[in-house]
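Keep in mind the model is a prediction, meaning the values are calculated, not measured.
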Amino acid sequence: MSLLIFIILLIYLQGGEKEIGSTLKYFIPMSLIIIILNPLFSHVGTTKIYLFNNLFNNTFNNYFITLESLVYGFLMAFSLLIILLLFLSFNKYVDYQKILYLTSNHFSTVSMIGVMAMRFIPLLNYRLGEVNKIFKFNHDNSNEKRIDKVRKMGSMLAIVISWSLEESMLTAKSMKARGYGITERTSYLKYNIHKIDIIIILIIAITSILSLIGLYYGFGNIEIYPTLDTSFFEFPLNMYYIIFLFLLSPLIFLELMERILWKYNGKNYVNGGKYGTNKIQ
């Protein structure tokens, strides 16, 4: 739960409120399916809950679910939400240029395939929107039947796939002609490691090691099967939990610092500071 709260706060500071809403729109139905279906099909556990006790005569009275399966369904749903939000936050920090900068020198082919896979769905979605605009401009949709919409969608998908395949062949030929992967790749972007980066890396490394040690000794683990262990909730605050909070805090600290610096120094730059219009004049 702490990890979920920190990730939501981090995405909010990154300016991704709309992305959180769109993610929840797809996550909520999916999580309900997981939470409902898991206890219905999995009866592992010792704490039985009879759903239809004394409601029906001898037909469903013996049907039960287990508390452990229900809790496990909730935890699976929360884990899925955390993974989705982690990728959402990761996309805010790391774009394809940074991935190529880090990996293309040693894994040129793999990095290129990874980047192409990451931009495949957004690119198809963008091109489908462009083709749809042309179809709307050239066709009258007022008396369009459902079967016509299906045919139109099939034609649009065929155009988008043909467009993408043709462009991928041209891109591959262009990259081969320019010698991609033969020598060390250069980049017009340059990233330098500063003192604050080293401090943040050390904090993350130390707190990660200590958190793993805590997990090894059983801190933070919730035992569900065969019987739900409630001892975790009796003393959740301990040294390893505080260390785990320190592990989550550096990125939020950086985002808050950027906001504070922009609020108190950025306006001065814009209104007459180093990069302000008054200075240029």
Side-chain angles (χ1 to χ4, degrees), residues 1-52 60 63-96 99 113-129 132 146 149-150 153-154 156-157 160-161 164 211 215 220-230 232-233 236 241 244-245 247-248 251-252 255:
M1 185 58 72
S2 302
L3 179 58
L4 179 62
I5 294 171
F6 270 72
I7 292 174
I8 292 175
L9 178 61
L10 178 61
I11 296 174
Y12 176 77
L13 292 174
Q14 290 172 327
E17 303 93 353
K18 292 182 180 178
E19 287 86 349
I20 292 177
S22 60
T23 303
L24 290 178
K25 187 172 66 176
Y26 295 104
F27 166 75
I28 290 174
M30 198 185 309
S31 65
L32 287 176
I33 292 173
I34 295 172
I35 293 169
I36 293 172
L37 291 184
N38 188 65
L40 289 180
F41 288 96
S42 173
H43 297 282
V44 181
T46 56
T47 310
K48 297 179 180 179
I49 302 173
Y50 290 91
L51 296 178
F52 307 109
F60 298 105
Y63 186 81
F64 66 89
I65 63 173
T66 60
L67 177 64
E68 288 78 11
S69 296
L70 187 64
V71 173
Y72 191 73
F74 273 102
L75 291 180
M76 284 176 63
F78 273 111
S79 301
L80 178 63
L81 177 60
I82 289 172
I83 291 171
L84 292 174
L85 293 179
L86 275 176
F87 276 104
L88 183 62
S89 177
F90 180 79
N91 286 331
K92 289 284 183 183
Y93 277 122
V94 183
D95 56 10
Y96 75 94
I99 294 175
I113 292 173
V115 169
M116 290 175 67
M118 286 174 64
R119 66 189 288 267
F120 182 70
I121 299 299
L123 184 64
L124 281 185
N125 193 25
Y126 168 75
R127 287 176 177 170
L128 192 62
N132 190 28
R146 185 169 297 177
K149 291 182 180 178
V150 173
M153 181 58 70
M156 289 168 56
L157 287 174
V160 169
I161 291 172
S164 301
S211 298
L215 281 176
N221 286 327
I222 302 176
E223 187 176 345
I224 298 176
Y225 295 120
T227 303
L228 181 64
D229 184 11
T230 58
F232 170 80
F233 302 100
Y241 177 72
F244 181 65
L245 295 183
L247 171 63
L248 301 177
L251 296 179
I252 293 176
E255 290 291 338

Trainee: Looking at V44, is its backbone amide N or carbonyl O close enough to the side chain of T66 to form a donor-acceptor pair, meaning the two atoms are under 3.5 Å apart?
Mentor: yes

Trainee: When rounded to the nearest 0.5 angstrom, what is the spacing between CG in L70 and CG in L75?
Mentor: 10.0 Å

Trainee: Just how far is it from atom CG of L4 to atom CG of L248, taken to the nearest 0.5 Å?
Mentor: 11.0 Å

Trainee: Is it true that, when you exclude F78 itself, more than 12 heavy atoms of the residues, nucleotides or ligands shown sit nearer than 6.0 Å to its CZ?
Mentor: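 Count not over threshold, so no.
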
Trainee: Supply the atom-to-atom distance I8 CD1 to E17 CD, rounded to the nearest 0.5 angstrom.
Mentor: 12.0 Å

Trainee: Step by step, would you call L10 with F6 a side chain to side chain contact (heavy atoms under 4.5 Å, CB included)?
Mentor: CA-CA 6 Å; L10 178 61; F6 270 72; over 6 Å; no

Trainee: Measure across L85 and I11 and return the closest heavy-atom pair with its distance rounded to 0.1 Å.
Mentor: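 Minimum heavy-atom separation between L85 and I11: O-CD1, 3.5 Å.
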
Trainee: Search all heavy atoms of E255 against all heavy atoms of L13 and return the closest pair with its distance.
Mentor: OE1-O, 3.6 Å

Trainee: Mind checking the CG-OG spacing from L37 to S42? Nearest 0.5 Å is all I need.
Mentor: 11.5 Å

Trainee: Tell me the closest heavy-atom pair linking L247 and S211, and the distance in Å.
Mentor: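 Nearest heavy atoms, L247 then S211: CD2-OG, 4.1 Å.
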
Trainee: Can you name the nearest heavy-atom pair linking S22 to E19, along with the distance?
Mentor: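 Reported closest heavy-atom pair: OG-O, 2.9 Å.
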
Trainee: Just wondering, more than 12 heavy atoms not from Y26 lying within 6.0 Å of its OH?
Mentor: no

Trainee: Can you tell me how far CD of Q14 sits from CG of L251, rounded to the nearest 0.5 angstrom?
Mentor: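 Those atoms lie 8.0 Å apart.
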
Trainee: Does any part of the side chain of E68, heavy atoms only, come nearer than 4.5 Å to the side chain of T46, both counted from C-beta?
Mentor: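 Yes; the side chains approach each other to less than 4.5 Å.
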
Trainee: Of the non-hydrogen atoms in P39 and I65, which two are nearest, and what is the gap between them?
Mentor: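 For P39 versus I65, the nearest heavy atoms are O-CG2, 3.5 Å.
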
Trainee: Quick one, T47 with L228, criterion side chain to side chain contact (heavy atoms under 4.5 Å, CB included). Give me CA distance, side-chain angles, the key distance, then yes/no.
Mentor: CA-CA 8 Å; T47 310; L228 181 64; 5.7 Å; no

Trainee: As a quick check of understanding, evaluate side chain to side chain contact (heavy atoms under 4.5 Å, CB included) for L81 and L24, giving each step before the final call.
Mentor: CA-CA 8 Å; L81 177 60; L24 290 178; 3.9 Å; yes

Trainee: Checking the side chain of N132 only, and the main-chain atoms of L128 only, is there a donor and an acceptor separated by less than 3.5 Å?
Mentor: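 Answer holds: no.
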
Trainee: To the closest 0.5 Å, what do you measure between CG (L245) and CG (L3)?
Mentor: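 Answer rounded to 0.5 Å: 10.5 Å.
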
Trainee: Should L80 and S31 be marked as a side chain to side chain contact (heavy atoms under 4.5 Å, CB included) after you check the CA-CA gap, both sets of side-chain angles, and the distance that decides it?
Mentor: CA-CA 8 Å; L80 178 63; S31 65; over 6 Å; no

Trainee: Got a sec, which pairs hit side chain to side chain donor-acceptor pair (under 3.5 Å) with one end in residues 71-86, sequence neighbours left out?
Mentor: none

Trainee: Determine the minimum heavy-atom distance between S164 and R127, stating which atoms define it.
Mentor: OG-NH1, 3.0 Å

